Amino acid sequence: MIVDNGAGPSRPARYGWGPSGRQLAARGEWRELLERFRLAKALDDPLSGPLGHLVAYGAPAAIAGGLFDPAAGPGAAATVSDHDAGPLWEVLATRHPWPVLAALPLPPAIRRLAAHTRALLGEDPPGEGVSLRPWEDAGWERDTRVREYLPGGGARRTLHLAPPTREGLGVLRLPPPGARSIGGPATALLAGLSDWTFAVCVAGRAADAAAQLAAGPAVTGGQLPFAALYPALVHLASARPDRGAAHGRLAVRQLLAAMDGAAGEDPARLDALVGRLHCLAWTEPGDDLRHLHVALADPASGLAWAVSGTTPEPA
């Protein structure tokens, strides 16, 4: 692609003329491509995303890390939210093992997200405190956790649903909907995972929470371990192109900590909460390409939450 913002004394001639970004990538002219990204980024040109993707995917790590270098000039460095099909930091993190990434002078926020990404992909970055808990690791294959980025732009992503399959589900009779509870910060965090789902909280069981959002009193559903639902929650929270799987992981951890009433994310407390959660998933007749219907009950607090929605969007 050619970055073209028109003529002007403040825009070098090469910004908009000459080889396209993909041609430069094919030639291995990574420093030229990095400079094009920086200028596009500084000018708030939407093509900065595609240019940054090419650099993050194909350039040597030392050059690709330069995408995030604040010394590039005002507004010229990529931030956590800069993206094409996915965040530029996630593209970079999928392309290099942790020892290579750890050696780069990445900003702290980028480094933290890259470490979480490598953990999701099966590494355990030493000293970063990002090790996966057993329930984070068990419910999905490593190659389905993070977008699979393509050399010239774009990405593929596995579709994780909740319930993940209808196998083993049966007809459940839900109780009549009762009164709802505020549920504290956890309810707001659950609602904030996505813009196409709705969340509620009740005092009671998982079935009581599900009854608030289910289409009728009889649904096809069943009890599942939290590990089986975790992948769908992570991907729900990271579906937007400016969010990576690491964002999803952090959002679910924050949600669990809020359900537990903890001030921080103590791994032992999270493990204990996950171990006692009663989890229910169900399907709806109108489910579209992507759907999620989950209820989570904590018998220790007597509270239960449900989140439900469906969308034709595959992301």
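For clarity, every value in this text was computed on a predicted model and none was experimentally measured. The first residue in the sequence is number 1, and the count goes up from there.
- The number of heavy atoms from other shown groups lying within 6.0 Å of CZ (R112) does not exceed 12.
- In terms of hydrophobic clustering, with Ile, Leu, Val, Met, Phe, Trp and Tyr side chains grouped at heavy-atom distances under 4.5 Å, V146 and L236 are assigned to a common cluster.
- To the nearest 0.5 Å, atoms CZ (R290) and OG1 (T310) are separated by 10.0 Å.
- In this structure, R95 forms a cation-pi arrangement with Y57, its terminal cationic atom sitting closer than 6.0 Å to the ring centre and no more than 45° off the ring axis.
- Rounding to the nearest 0.5 Å gives a distance of 12.0 Å between CG of L292 and OG1 of T311.
- Both L273 and L190 belong to a single network of hydrophobic side chains, linked directly or stepwise wherever heavy atoms of I, L, V, M, F, W or Y lie under 4.5 Å apart.
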#### Entry: side chain to side chain contact (heavy atoms under 4.5 Å, CB included) between D271 and R133, intermediate numbers included
CA-CA 8 Å; D271 289 349; R133 311 306 297 172; 2.5 Å; yes
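- Within the 3.5 Å criterion, the main-chain N or O of Y149 finds no donor-acceptor partner in the side chain of R156.
- Ring to ring, W89 and H116 are not that close: their centroids are 6.0 angstrom or more apart.
- Using a 3.5 Å distance cut-off with no hydrogens or angles, the side chains of D82 and T79 do pair a donor with an acceptor.
- By the 4.5 Å heavy-atom criterion applied to side chains, V80 and L113 are counted as neighbours.
- In terms of hydrophobic clustering, with Ile, Leu, Val, Met, Phe, Trp and Tyr side chains grouped at heavy-atom distances under 4.5 Å, L172 and L169 are assigned to different clusters.
- Under a hydrophobic-cluster definition in which Ile, Leu, Val, Met, Phe, Trp and Tyr are linked whenever side-chain heavy atoms come within less than 4.5 Å, directly or via other members, I110 and V91 are assigned to different clusters.
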### Message
Before you tell me yes or no, could you show the steps for R249 and L132 under side chain to side chain contact (heavy atoms under 4.5 Å, CB included), namely the whole-Å CA-CA distance, both residues' side-chain angles and the distance that decides it to 0.1 Å?
### Response
CA-CA 10 Å; R249 183 193 185 198; L132 295 186; 3.4 Å; yes
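- Here the CG-NZ distance, from L34 to K41, works out to 13.5 Å after rounding to the nearest 0.5 Å.
- Side chain of Q23 to main chain of S20: a donor-acceptor pair is present (N/O by atom type, distance under 3.5 Å, no hydrogens or angles).
- Side-chain heavy atoms closer than 4.5 Å link hydrophobic residues (I, L, V, M, F, W, Y) into clusters, and following such links, even through other members, never connects L277 to L280.
- S238 and R157 share a donor-acceptor pair across their side chains, judged by distance under 3.5 Å alone.
- Although no hydrogens or angles enter the test, the distance criterion places no donor-acceptor pair under 3.5 Å between the side chain of E265 and the main chain of A257.
- Looking at every heavy atom in both residues, A251 comes nearest to A237 through CB-CB, 3.9 Å.
- A side-chain donor-acceptor contact under 3.5 Å links W305 and T187.
- Note that CD of E136 and CZ of F226 are 8.5 Å apart. Values are rounded to the nearest 0.5 Å.
- Counting only distance, with no hydrogens or angles, the side chain of R111 and the backbone of L101 share no donor-acceptor pair below 3.5 Å.
- A donor-acceptor contact shorter than 3.5 Å links the side chain of H53 to the backbone of L150.
- Considering every non-hydrogen atom in both A281 and L229, the closest pair reads CB-CD2, 4.0 Å.
- A 4.5 Å side-chain heavy-atom check between P231 and T144 finds every atom pair outside the cut-off.
- Counting only distance, with no hydrogens or angles, the side chain of H96 and the backbone of A93 share no donor-acceptor pair below 3.5 Å.
- Annotation: side chain of F37 is in contact with side chain of L67 (closest heavy-atom distance under 4.5 Å).
- Side-chain contact between L270 and P267: absent, with no pair of heavy atoms (C-beta onward) separated by less than 4.5 Å.
- For D287 and H293, the side-chain atoms include at least one donor-acceptor pair closer than 3.5 Å.
- Taken from OG in S131 to CG in D124, the straight-line distance is 3.5 Å, to the nearest 0.5 Å.
- Residues E284 and L213 approach most closely at OE2-O, 3.9 Å, considering heavy atoms.
- The two atoms that bring Y230 and V252 nearest to each other are CE1-CG1, 3.7 Å, heavy atoms only.
- Judged purely by atom type and a 3.5 angstrom limit, R36 has no side-chain atom pairing as donor or acceptor with the backbone of L51.
- Two residues are said to be in side-chain contact when any heavy atoms from C-beta on lie closer than 4.5 Å; S301 and D298 meet this criterion.
- Looking at P105 and F68, their side chains never come closer than 4.5 Å, going by heavy atoms from C-beta outward.
- Counting heavy atoms from C-beta on, the side chains of M259 and L303 never come closer than 4.5 Å.
- Annotation: side chain of P99 is in contact with side chain of E123 (closest heavy-atom distance under 4.5 Å).
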### Query
Given V234 and W140, is the side chain to side chain contact (heavy atoms under 4.5 Å, CB included) satisfied, shown in steps?
CA-CA 11 Å; V234 170; W140 49 353; 3.9 Å; yes
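- Taken from CG in D69 to CD1 in I63, the straight-line distance is 12.5 Å, to the nearest 0.5 Å.
- For the pair E90 and T117, the tightest heavy-atom approach, listed with the atom from each and the gap, is CG-CG2, 4.5 Å.
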### Task
Could you please spell out the steps behind the side chain to side chain contact (heavy atoms under 4.5 Å, CB included) verdict for R205 and H278?
CA-CA 8 Å; R205 305 163 301 156; H278 294 171; over 6 Å; no
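- Put simply, the side chain of D84 never gets that close to the backbone of G86: no donor and acceptor are under 3.5 Å apart.
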